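Note that the coordinates shown come from a computational prediction; the quantities given were computed from them, not determined experimentally.
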Amino acid sequence: MRDKLSCFSENTVNVSHPACSSYANTACVSPSLSPSVQNAVTTLYKITLSTTKKQFLVTVAWCKNHYAQGLSIKFGDDPSTSFRLNTNSRLFRKKKGCKVFESPESSKMEIIWDLSRAKYDATGPEPVDGFYILVMVDSEIGLILGDMGEEAMTKKFKTSTPVSKVSLISRQEHYSGSSTLYSTKAQFSDTGISHNIVIRCSGENEGLKHPVLSVSIDTKTVIRVKRLQWNFRGNQTIFVDGLLVDLMWDVHDWFFNNPSSRYAVFMFRTRSGMDSRLWLEEKLVQKEQEKVEFSLLIYACKSS
């Protein structure tokens, strides 16, 4: 089993150990470069109630454009359980509050929020601190968002209030602008740490004859794709926090599509079970398969 893993690892890059990196252990961007603007962020969570073991999917989306800025929360695919809030500073009146509704399965949903002191990054739609959002499902604490979430939970609920299990399933980020530099953070497992991710496409402006795609995690370059106009689609396997992560890219439209719709897609997706734990015993593998896989999708719109 270990021999199989050794063969498989020949084409992987280990982020956790500097000595295992196939590329230079340096950041692939200059501090003087400005990243593209983040327009929208959508995260999908799975909530498992501690008492009944019922499961719910909750989608939290933040968006920002020239005309509006807002938050939306949706339970499953039922439109009757969706919640929308305009957080534009000029129009935003209800900066804190509570909303209760019932799902078709007779589950009680409650959203409690306080964005009155929220601070936002100039390049993104999500608040960076000074806020909290609590999601209750059938009297259980389901989702806690924001740096003030734990404090709010302590003040509002008894210590005996049950807490559900929450797993982050996916995160989608949308960017736009003339820059081909994208910077974000991602946590690839519930117990892992947050990693800094930088994606950059270098071209003629840097004196290169052909475009080059570079992706770095925590300043370590994990892939470098030369002659990008011919290698516009591909994938690479990397190790992050002991997990196998498939990194895929598709930049075809940057080179061969209408200038008004030049979208590229980058995806980081973790693997579990036999695919990523070839050397584990069968019982441990079965336990690993119960873990939730995570994916990060980045949609990059390149303007002329």
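- A distance-only check finds a donor-acceptor pair linking the side chain of Asp218 to the backbone of Asn196 [under 3.5 Å].
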Step-by-step side chain to side chain contact (heavy atoms under 4.5 Å, CB included) determination, Asp246 to Arg271: CA-CA 8 Å; Asp246 291 322; Arg271 280 197 248 162; 2.8 Å; yes
Quick one: do His252 and Arg233 satisfy side chain to side chain contact (heavy atoms under 4.5 Å, CB included)? Show the steps, please. CA-CA 7 Å; His252 173 274; Arg233 292 191 185 104; 3.7 Å; yes
Taking distance alone, no hydrogens or angles, what donor-acceptor pairs closer than 3.5 Å link side-chain atoms of residues 137-150 to residues at least two apart or in another chain?
residue, atom, partner, partner atom, Å
Asp138, OD1, Lys108, N, 2.8
Asp138, OD2, Ser107, OG, 3.3
Glu140, OE1, Ser50, N, 2.9
Glu140, OE1, Ser50, OG, 3.2
Glu140, OE1, Ser164, OG, 2.7
Glu140, OE2, Ser50, N, 3.3
Glu140, OE2, Ser50, OG, 3.1
Glu140, OE2, Thr51, N, 3.1
Glu140, OE2, Thr51, OG1, 2.7
Asp147, OD1, Gly130, N, 2.8
Asp147, OD1, Phe131, N, 3.3
Asp147, OD2, Gly130, N, 3.2

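- Aromatic ring centroids of Phe75 and Phe101 lie under 6.0 Å apart.
- The CD1 atom of Ile298 sits 3.5 Å away from atom CD1 of Ile199, with the distance rounded to the nearest 0.5 Å.
- Counting only distance, with no hydrogens or angles, the side chain of Gln187 and the backbone of Gly192 share a donor-acceptor pair below 3.5 Å.
- The CH2 atom of Trp62 sits 9.5 Å away from atom OG1 of Thr43, with the distance rounded to the nearest 0.5 Å.
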Decide side chain to side chain contact (heavy atoms under 4.5 Å, CB included) for Met109 and Glu102; before the verdict, give the C-alpha distance in whole Å, the side-chain angles of both, and the deciding distance to 0.1 Å. CA-CA 6 Å; Met109 316 292 190; Glu102 192 172 292; over 6 Å; no
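- The main-chain N or O of Ile223 is never found under 3.5 Å from a side-chain atom of Thr221 such that the two would form a donor-acceptor pair.
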Let's go through Ser178 and Lys302 carefully: what are the C-alpha distance in whole Å and the side-chain angles of both, what is the deciding distance for side chain to side chain contact (heavy atoms under 4.5 Å, CB included) to 0.1 Å, and is it a yes or a no? CA-CA 5 Å; Ser178 57; Lys302 178 184 175 185; over 6 Å; no
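- Between Lys185 and Arg171, the closest heavy-atom pair is O-NE, 4.5 Å.
- Under the 30°/60° scheme for interplanar angles, the aromatic rings of His210 and Trp230 are found to be tilted.
- Salt bridge annotation for Asp114-Lys95: absent, with no cationic side-chain nitrogen under 4.0 angstrom from a carboxylate oxygen.
- The distance between the ring centers of Phe83 and Trp113 falls below 6.0 angstrom.
- Residue Val163 is grouped with residue Ile112 when hydrophobic side chains (ILVMFWY) are merged at heavy-atom distances under 4.5 angstrom, including chains of intermediate members.
- Note: Ile73 CD1 to Thr81 OG1 = 11.0 Å, rounded to the nearest 0.5 Å.
- By the ring pair (Phe, Tyr, Trp, His ring centres under 6.0 Å) test, Phe157 is found to be paired with no residue, residues two or more places apart in sequence or in another chain being considered.
- In this structure, Arg262 does not pair ionically with Asp253, as no charged nitrogen and carboxylate oxygen lie closer than 4.0 Å.
- Looking at Tyr175, its side chain does come within 3.5 Å of a backbone N or O of Ser183 through a donor-acceptor pair.
- Phe266 and Tyr182 have tilted rings, their planes meeting at an angle from 30° to 60° on a 0 to 90° scale.
- One hydrophobic cluster holds both Val135 and Leu49 under the rule that ILVMFWY side chains link at heavy-atom gaps under 4.5 Å.
- Rounded to the nearest 0.5 Å, atoms CG (Leu85) and OG (Ser72) are 10.0 Å apart.
- Atom-to-atom distance recorded for Ile47:CD1 and Leu57:CG is 9.0 Å, nearest 0.5 angstrom.
- For the residue pair Thr270 / Glu293, no side-chain donor-acceptor distance below 3.5 Å is found, with atom types taken as modelled.
- Listed here is the closest heavy atom pair of Phe232 and Gln229: CD2-O, 3.2 Å.
- Between atom CG of residue Leu247 and atom CE of residue Met267 there is a gap of 9.5 Å, rounded to the nearest 0.5 Å.
- Side-chain contact check for Asn39 and His174: no donor-acceptor pair (N or O, by modelled atom type) lies under 3.5 Å.
- Around atom NZ of Lys119, no more than 12 heavy atoms belonging to other residues, nucleotides or ligands sit under 6.0 Å away.
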